[in-house]
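Fair warning: this is a prediction, and the values are worked out from it, not measured in the lab.
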Amino acid sequence: MKSIVINGGKKLHGDVAISGAKNAALPIIAAGLLAEGEHRIANVPTLVDVTTLGRILRNMGVTFELKDHSVVLDSSKLNNPEAPYDLVRTMRASVLVLGPLVARFGKARVSLPGGCAIGARPVNLHTMGLEKLGAKVDIEHGYMVASAKRLRGAHIYFDTVTVTGTENLMMAATLAEGETILENAAREPEVVDLAQALIGMGAKIEGAGTDIIRIKGVQSLRPLDYTVLPDRIETGTFVIAAAITGGSITITRCNPSHLDALLAKVGEAGAEITIGEGTITVHGQKKIKPVNIKTLPYPGFPTDMQAQFMSLMALADGTSVINETIFENRFTHVAELRRMGADIVVEGRSAVVKGVPKLSAAPVMATDLRASASLILAGMAAEGQTVVSRIYHLDRGYDNIEQKLSALGADIKRV
């Protein structure tokens, strides 16, 4: 099994370019199911989740090629609107094919998804929304089976904010008859990016980025030609990498406005942050100040940055409190950070982090995607050699992270 080996204590210096956003690329690729013809999507990260989605699409009869961070796909010969369990079980985002398949082909059979075990993420909002759009949806033997002659516009209210639910139903509604209103919709930049891609295909969408999205259905869409936005979570991870090592790096090809909440908190922790046009320069300081955070839907502090921020707070000069409001099982990295000498106590959905003067290297095990990143960050700041195992999680969300960190001066390698 592959591991990441880190010899800590190196300050990071230099420039690093951010890859395309996984959480935008996946729904935009799925949107290729909505129209015949050759779709071209640029700035796609080379990740396991992207190749998994490619396998799912090929299994349906779609041509799919990922090369040089670009995807070319054509769903004209799709003959099998099914996403089987063996392909879906490792990636929750595979549910995103459900809406497009029902909208264009009138039927779909998609396995209930898997992914990181960070808490309950039920698909009931997806199925509820499709039913409101006129589809018949059943759960049979672990599969969502949906059918509809043609979807009809509807007013859909989400009880809780759901990113993939918003994306799935927005895609489905583009080909529905009449107007669809999505209320309490997710506001994430990735939702806006999907909306922009769909508008480029001829969809009529207003309000993306707000909590009310209106979609007027059209008869057909044209092929995609789109460039995916930069990954804000990868960006945030490098921001903390500079802060936790006391280094100085410039992050390029990013969108700083997507990380206002995180940048404010890292600034409170003492790092010096300078925003440029598509760049963020971070100067880490010797003393890290304790900061309290609470994860919230966008534009609040992202849950996908909670684990990485906890690694930073483990070295703060004082006590901080981290409240996780999105997922109930997102403190699985705590036990591993404790192995490195962190002083963290979990009480329900809150973690009390008492900063320590230093972390000590240890063998640790990644429990999910963002936990993997938090352990690498801790390892870069720790004394000695840290070995992070089960890094297959890491490859689902970070494009060549060890090469990028190595180029900044980290002593890190994959073995």
Mark yes or no for whether [X], through its side chain, and [Y], through its backbone, hold a donor-acceptor pair below 3.5 Å.
{"X": "His39", "Y": "Ala35", "result": "yes"}
{"X": "Thr252", "Y": "Val16", "result": "yes"}
{"X": "Ser374", "Y": "Ala371", "result": "yes"}
{"X": "Gln403", "Y": "Asp399", "result": "no"}
{"X": "Arg150", "Y": "Leu175", "result": "yes"}
{"X": "Asp343", "Y": "Val356", "result": "no"}
{"X": "Arg109", "Y": "Ala146", "result": "no"}
{"X": "Ser389", "Y": "Val364", "result": "yes"}
{"X": "Asp193", "Y": "Leu229", "result": "yes"}
{"X": "Ser372", "Y": "Ile391", "result": "no"}

Quick one: pull up [atom1] in [X] and [atom2] in [Y] and give me the separation to the nearest 0.5 Å.
{"X": "Ile18", "Y": "Thr237", "atom1": "CD1", "atom2": "OG1", "value": "8.5 Å"}
{"X": "Lys294", "Y": "Thr325", "atom1": "NZ", "atom2": "OG1", "value": "6.5 Å"}
{"X": "Leu112", "Y": "His141", "atom1": "CG", "atom2": "NE2", "value": "12.5 Å"}
{"X": "Phe238", "Y": "Thr250", "atom1": "CZ", "atom2": "OG1", "value": "13.0 Å"}
{"X": "Tyr398", "Y": "Ser19", "atom1": "OH", "atom2": "OG", "value": "11.5 Å"}
{"X": "Leu33", "Y": "Leu221", "atom1": "CG", "atom2": "CG", "value": "12.0 Å"}

Distance only, no hydrogens: is a donor on one side chain within 3.5 Å (strictly under) of an acceptor on the other, for [X] and [Y]?
{"X": "Asn255", "Y": "Ser257", "value": "yes"}
{"X": "Ser75", "Y": "Arg104", "value": "yes"}
{"X": "Ser248", "Y": "His13", "value": "no"}
{"X": "Asp368", "Y": "His393", "value": "no"}
{"X": "Thr367", "Y": "Thr332", "value": "yes"}
{"X": "Thr303", "Y": "Arg330", "value": "yes"}
{"X": "Ser320", "Y": "Asn292", "value": "no"}
{"X": "His333", "Y": "Gln306", "value": "yes"}

Side-chain heavy atoms of Ile251 within contact of Thr279, under 4.5 Å: no
Tyr392/Lys2 under side-chain contact (heavy atoms from CB on, under 4.5 Å): CA gap, chis, key distance, verdict: CA-CA 8 Å; Tyr392 55 84; Lys2 293 179 181 178; over 6 Å; no
Asp317/Lys287 under salt bridge (charged side-chain N to carboxylate O under 4.0 Å, His left out): CA gap, chis, key distance, verdict: CA-CA 7 Å; Asp317 184 17; Lys287 181 178 179 180; 3.5 Å; yes
Salt bridge between [X] and [Y], side-chain N to carboxylate O under 4.0 Å?
{"X": "Arg349", "Y": "Glu324", "answer": "no"}
{"X": "Arg414", "Y": "Glu402", "answer": "yes"}
{"X": "Lys404", "Y": "Asp15", "answer": "no"}
{"X": "Asp49", "Y": "Lys22", "answer": "yes"}
{"X": "Asp411", "Y": "Lys10", "answer": "no"}

Exercise: identify the closest heavy-atom pair between Ala271 and Val282: CB-CG1, 4.2 Å
Where Leu198 and Thr174 come nearest, the two heavy atoms and their spacing: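 In terms of heavy atoms, the two residues are closest at CD1-CG2, 4.1 Å.
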Checking side chain to side chain contact (heavy atoms under 4.5 Å, CB included) between [X] and each of [options], which is the one that passes?
{"X": "Leu26", "options": "Thr52, Leu53, Val97, Leu47", "value": "Leu53"}
{"X": "Val71", "options": "Ile28, Asn43, Val44", "value": "Val44"}
{"X": "Val191", "options": "Asn23, Leu182, Val163", "value": "Val163"}

Validation row, ring centre Phe301 to ring centre Phe309 under 6.0 Å: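 Aromatic pair counts; centres sit under 6.0 Å.
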Worked verdict on His126 versus Leu169 for side-chain contact (heavy atoms from CB on, under 4.5 Å): CA-CA 7 Å; His126 301 247; Leu169 297 175; 5.7 Å; no
Chi angles and distances behind the side-chain contact (heavy atoms from CB on, under 4.5 Å) call for Asn59, Leu87: CA-CA 9 Å; Asn59 189 67; Leu87 296 176; 4.0 Å; yes
cation_pi(Arg58, Phe64) dist<6.0 Å, angle<=45: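 Output no; distance or angle outside limits.
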side-chain hydrogen bond (donor to acceptor under 3.5 Å, both in side chains) involving Lys136 - partner list, sequence neighbours excluded: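 Result, side-chain hydrogen bond (donor to acceptor under 3.5 Å, both in side chains) vs Lys136: Asp138.
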